[in-house]
Enquirer: 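Can you read through this structure? Questions will come right after.
Below, read A as the first sequence line, B as the second, and so on, with proteins coming before strands; counting in each chain starts at 1.
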Amino acid sequence: MANKTLEARFRGLRREAERRVQERQREGVPTISIVMSTCALASGAAETRDAIKETLERIKVPARIVPVGCMGHCYAEPLVVIDHPASGFPPICYHRIDAGIARVVIRSFFEDGDPSFEYVLGALEENDLVPPVTQFPRFNLEERVVMELCGRIDPGDIQEYIARGGYAALARALDGEPESVIDTIERSGLRGRGGAGFPTGRKWRLARSARSERKVVICNADEGDPGAYMDRTILESNPHQVLEGLAIAAYAVGADEALVYVRAEYPLAVKTVQKAVRDAEACSLLGRGVLGTAFDLKVSVFQGSGAFVCGEETALIQSVEGRRGMPRHRPPYPVEKGLWGRPTVVNNVKTLASVPPIVSKGADWFRTIGTENSPGTAIFSVVGNVKHPGLVEVPMGTSLRKLIFDVCGGIPGKKAFKAVQIGGPSGGCLPERFLDTPIDFDSLAQAGAMMGSGGMVVMDQDSCMVDVARYFVDFTQKESCGKCTFCRIGTRHLLVMLDRITKGEGREEDLEIMETLSHDIKAGSLCGLGKTAPNPVITSLRYFREEYEAHIRERRCPALKCRALVAFYIDLERCARGCDACVGCCPVEAIFTTKGRKKAIDQQRCVKCGECMVACPPEYNAVFKVSPPERAPVIERPPENGPAPAGNP
Amino acid sequence: MNSVPTQTETEEREMIEAIEAMLPRFAKHRSALIPILQAVQQEHGYLSGGAMERVAEYLEISPSEVYGVATFYNQFRFHPPGRHQIKVCLGTACHVAGGDIILENFERKLGIRAGETTPDREYSVERVACVGCCALAPVAIVDGTVLGHMQPSRVEGLFVQFQVEREREEREKAEREPGGEQDA
């Protein structure tokens, strides 16, 4: 390195971090890592941690308990990793460990030397005793660049990140000219991971050449897409990689101020980032004179207050300024005139987290991953009807089929794949024939969907595409800021028609009107919200038109989903005498006993929650759905059953 | 909206006093508006009319500006929340898994609509867009705890649990009171 102070400072930091991390490991004390991200906590990780602590105290085994971030395996939570080299076992990852199982596993591991194979997901290293996770298709197909350290380090401990090579990219960037950092990013071909795919290097260069004393860099973590949660996970699991990327971006464009804009709905992410900023400042990695150089960077955390449209950069800037988050016309682009009129770079969490590995390993390395025009990896949250939902990081260009069936285990319950909704409310629904499409910015756009932020909802045969389109239009209609007439009133009108269709009151001409209107909304709206809001309608009309027609012409929902168009009934042939499973679970007491001591549903009273279908024991399997509702056999409630309970819900 | 109780004057006064004490922490600048509103709601659970007027005065902008900004964002609420706050997630994965049925069950059970509070201020129900726990859909957040894989029958179970807790609290309170007399 040319700059001696910088080199000395960073080497000192790194040595200190390595020493501290090794010191903790050298004690011969086992390390137990517990995934403590939001979704793990929802699955009971806190109870698991308490049970592990309590059991270790009882059997008097000292251990280091480390809270780690998400590994992406949401289906397997709570996840626990026991790393105890003295036991002779490699680090073992356990899945679905609730408090009760945790007690059993800890006792048998430390008292009997038995690693309880029935709860093992896999070993984290190659060995002869426990099957390693690397043999699973998910681990084989995944390639982690952004999420490499997620779930492997304590997000609250900056030393762990530094010891694993963290902030080395920042030190390297600071050692060279800002221009050369921009060159590297430009050559790597990194495109904005927020969804639009704008070349990051070009954005930085524009901001660099903008003439202004003071510039700003914003990390956009306003992840409003329902069904997407990778930004939250990255911030909760490895905030320093994002901050490092942010600092490199600021140095490259010449900014002295940076902002992390996180949704207030992600309290854990907010807390983790705030702590990370403080820790990095304490290590002189942010703040005044970063690593002894002349580069200053003040980083603050701003909590977004839950408006979907604030994901749009111009709206986001408005909201930081204390106004309604309404997008404005571009140009001028934020890189010329953004926050407080200063040139502002807005980059997504994933974009920034991709920067440190590119700076460390070089642009050519990055180009070896992914496709020609979309290099690098894509992170998706694959949810809905898949066996193994969670976060997945795969090279760009991986096919949808590989992702859904090989990485995520396919559709559960022997049901058929129907569609995949990509890109959140602004994306589209793709049917089976698109499963071999490679996923990258351009091919998805060609199919009528978009990369968006990377939310992917897989739907099986039981999902109604009209209902899904209605759901997304309802969402975007509620979230429209109201500035453009087409977006405000057009989406409203789309929703009215879709509502009507799902209730069986659709009109033949609705489909034509919806099609025209959708294209008009796209053409007449200012920002990405309006321009993409009709996408779910356009794609579902294109690929699932016969479903719309069944709703309109036959008042029938082929997927048996739209509640106004289905009825539940109990097949008397299959119903068992005296079994009361359905009666007990019905929230509105709609199920009564017929003369033959079998059960029937009072159609007037039924709210169609489907609970009886779940409750009916599988050996009888007597509850059925039909559409249109008139097809359900009518059974009168006998008067001797006593007066109906008062108060019609 | 008859199910939303009006706050008493004392409550409003106390709230304004608390805000008064908190305001000097923030810069007298437009950009502090959202952070201030967030802090007020964090402390008091909602934004009252008086509170928003006080904030407007502090930042020297009109109260309607403050109201206009606050109502634009989903985070802010303008009625006191219930003692138990129930939020039902209606994100995509939750929708596909039947989140609307869960919400409906809460609404039916409490006799209020989403966004309202029961007259005894025990419960409030809200719909939220996505809490990012999609792998556990459908999800409800009850008093800050995320509950995954909700079912209509679990809704019933929750209320039974609340009922049991409430009875226990009342019993303990009743036991404590005669105990206090013995001490005296």
Side-chain angles (χ1 to χ4, degrees), chain A residues 38-39 41-43 74-75 77 223-229 232-233 264-266 302-308 310 319-326 340 381 383-385 389-390 421 424-425 455 457 459 463 467-468 471-472 475 478-479 481 584-585 587-588 607-611 614-615 649, chain B residues 29-38 41-42 59 61 65-66 68-76 87 89-102 104-105 107-109 111 127-137 139 141 144-149 151-153 155-156:
Chain A
T38 302
C39 35
L41 288 170
S43 314
C74 303
Y75 62 94
E77 301 287 6
E223 191 173 39
D225 272 19
Y229 56 102
R232 188 208 78 207
T233 306
E265 283 98 327
Y266 291 168
F302 187 91
Q303 296 190 38
S305 340
F308 180 60
C310 286
S319 80
V320 178
E321 291 178 351
R323 297 169 203 284
R324 291 171 155 236
M326 286 182 161
W340 313 122
S381 59
V383 297
N385 306 120
Q421 153 75 31
V457 185
M459 289 174 268
S463 293
D467 176 65
V468 169
Y471 167 79
F472 283 116
F475 181 85
K478 282 200 180 91
E479 293 291 341
C481 80
C585 74
V588 288
V607 290
K608 301 175 186 177
C609 70
E611 191 71 348
V614 179
Chain B
H29 191 268
R30 174 90 199 211
S31 63
L33 175 56
I34 291 173
I36 293 178
L37 294 179
Q38 283 169 338
Q41 175 154 308
Q42 174 87 31
L59 294 176
I61 48 179
E65 273 276 286
V66 173
V69 169
T71 48
F72 184 82
Y73 296 99
N74 299 328
Q75 189 191 4
F76 299 114
K87 293 175 186 165
C89 179
L90 288 177
T92 320
C94 289
H95 174 80
V96 169
D100 50 337
I101 292 173
I102 304 297
E104 218 177 79
N105 231 18
E107 289 177 333
R108 190 169 43 237
K109 199 82 196 156
R127 49 185 297 163
V128 290
C130 182
V131 290
C133 290
C134 311
L136 306 169
V139 165
I141 302 100
T145 310
V146 180
L147 304 175
H149 302 299
Q151 278 168 357
S153 50
V155 172
E156 315 278 312

Enquirer: Below 3.5 Å, can you tabulate the donor-acceptor pairs from side chains in residues 93-100 of chain B to any protein atom, sequence neighbours excluded?
Expert:
residue : atom : partner  : partner atom : Å
B:His95 : NE2  : A:Asp467 : OD2          : 2.8

Enquirer: If I measure from the heavy atoms of chain B, does A:Cys310 come under 4.5 Å with its side chain, its backbone, both, or neither?
Expert: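 Side chain only.
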
Enquirer: Tell me the closest heavy-atom pair linking B:Arg108 and A:Val607, and the distance in Å.
Expert: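 In this case the closest contact between B:Arg108 and A:Val607 is NH1-CG1, 3.4 Å.
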
Enquirer: Tell me, for A:Lys478 versus chain B, whether the close heavy atoms (under 4.5 Å) come from the side chain, the backbone, both or neither.
Expert: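 Only the side chain of A:Lys478 comes within 4.5 Å of chain B.
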
Enquirer: Name the region of A:Glu223, side chain, backbone, both or neither, that has any atom closer than 4.5 Å to a heavy atom of chain B.
Expert: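 Looking at A:Glu223, nothing touches chain B.
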
Enquirer: With a 4.5 angstrom heavy-atom cut-off, which part of B:Val69 approaches chain A: side chain, backbone, both or neither?
Expert: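 For B:Val69, backbone and side chain are both near chain A.
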
Enquirer: Do you know which of B:Ile36, B:Leu90, B:Ile141, B:Ile102 has the most heavy-atom pairs under 4.5 Å to chain A?
Expert: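 Looking at each of B:Ile36, B:Leu90, B:Ile141, B:Ile102 in turn, B:Leu90 comes out on top.
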
Enquirer: Checking heavy atoms, do the side chain of A:Thr233, its backbone, both or neither come under 4.5 Å from chain B?
Expert: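 Looking at A:Thr233, nothing touches chain B.
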
Enquirer: Side chains of A:Gln303 and A:Tyr266 only: does a donor on one sit below 3.5 Å from an acceptor on the other?
Expert: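 No, no side-chain donor-acceptor pair sits under 3.5 Å.
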
Enquirer: Heavy-atom distances under 4.5 Å only: say whether B:Ala137 touches chain A with side chain, backbone, both or neither.
Expert: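 Nothing of B:Ala137, per the 4.5 Å heavy-atom cut-off to chain A.
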
Enquirer: What part of B:His29 lies closer than 4.5 angstrom to a heavy atom of chain A: side chain, backbone, both or neither?
Expert: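 Answer is side chain: those atoms of B:His29 sit under 4.5 Å from chain A.
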
Enquirer: Using non-hydrogen atoms only, which part of B:Pro152 is less than 4.5 Å away from chain A: side chain, backbone, both, or neither?
Expert: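 Contact with chain A is through both the backbone and side chain of B:Pro152.
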
Enquirer: B:Lys87: what forms a salt bridge (Lys or Arg N to Asp or Glu O under 4.0 Å) with it, not counting sequence neighbours?
Expert: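 By the salt bridge (Lys or Arg N to Asp or Glu O under 4.0 Å) rule, B:Lys87 matches no residue at all.
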
Enquirer: If I measure from the heavy atoms of chain B, does A:Val457 come under 4.5 Å with its side chain, its backbone, both, or neither?
Expert: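 It is the side chain, since no backbone atom gets that close.
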
Enquirer: Check A:Arg232 with A:Glu265, please: is the shortest side-chain N to carboxylate O separation under 4.0 Å?
Expert: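 Salt bridge: no.
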
Enquirer: List the atom of B:Cys134, the atom of A:Val383, and the distance in Å for their closest heavy-atom pair.
Expert: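 Result for this residue pair: CB-CG1, 3.4 Å.
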
Enquirer: Which pair of non-hydrogen atoms, one from B:Thr92 and one from A:Pro226, has the smallest distance, and what is that distance?
Expert: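 Answer, listing the atom of B:Thr92 first, then A:Pro226: OG1-O, 3.1 Å.
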
Enquirer: Flag the one option from A:Phe472, A:Tyr229, A:Phe308 with the top tally of heavy-atom pairs under 4.5 Å to chain B.
Expert: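 Highest number of pairs under 4.5 Å: A:Tyr229.
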
Enquirer: Looking only at heavy atoms, what is the nearest atom pair of B:Arg30 and B:Ile61, with distance?
Expert: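 Looks like NH1-CG2, 4.1 Å.
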
Enquirer: In terms of heavy-atom proximity below 4.5 Å to chain A, should B:Thr145 be classed as side chain, backbone, both, or neither?
Expert: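 Neither part, no heavy atoms under 4.5 Å.
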
Enquirer: CG/A:Asn385 to OG/A:Ser463 distance, rounded to the nearest 0.5 angstrom?
Expert: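 Atom-to-atom, A:Asn385:CG and A:Ser463:OG are 5.0 Å apart.
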
Enquirer: If you tally heavy-atom pairs under 4.5 Å against chain B, which of A:Ser381, A:Pro587, A:Gly325 wins?
Expert: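 Among the listed options, the one with the most contacts to chain B is A:Gly325.
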
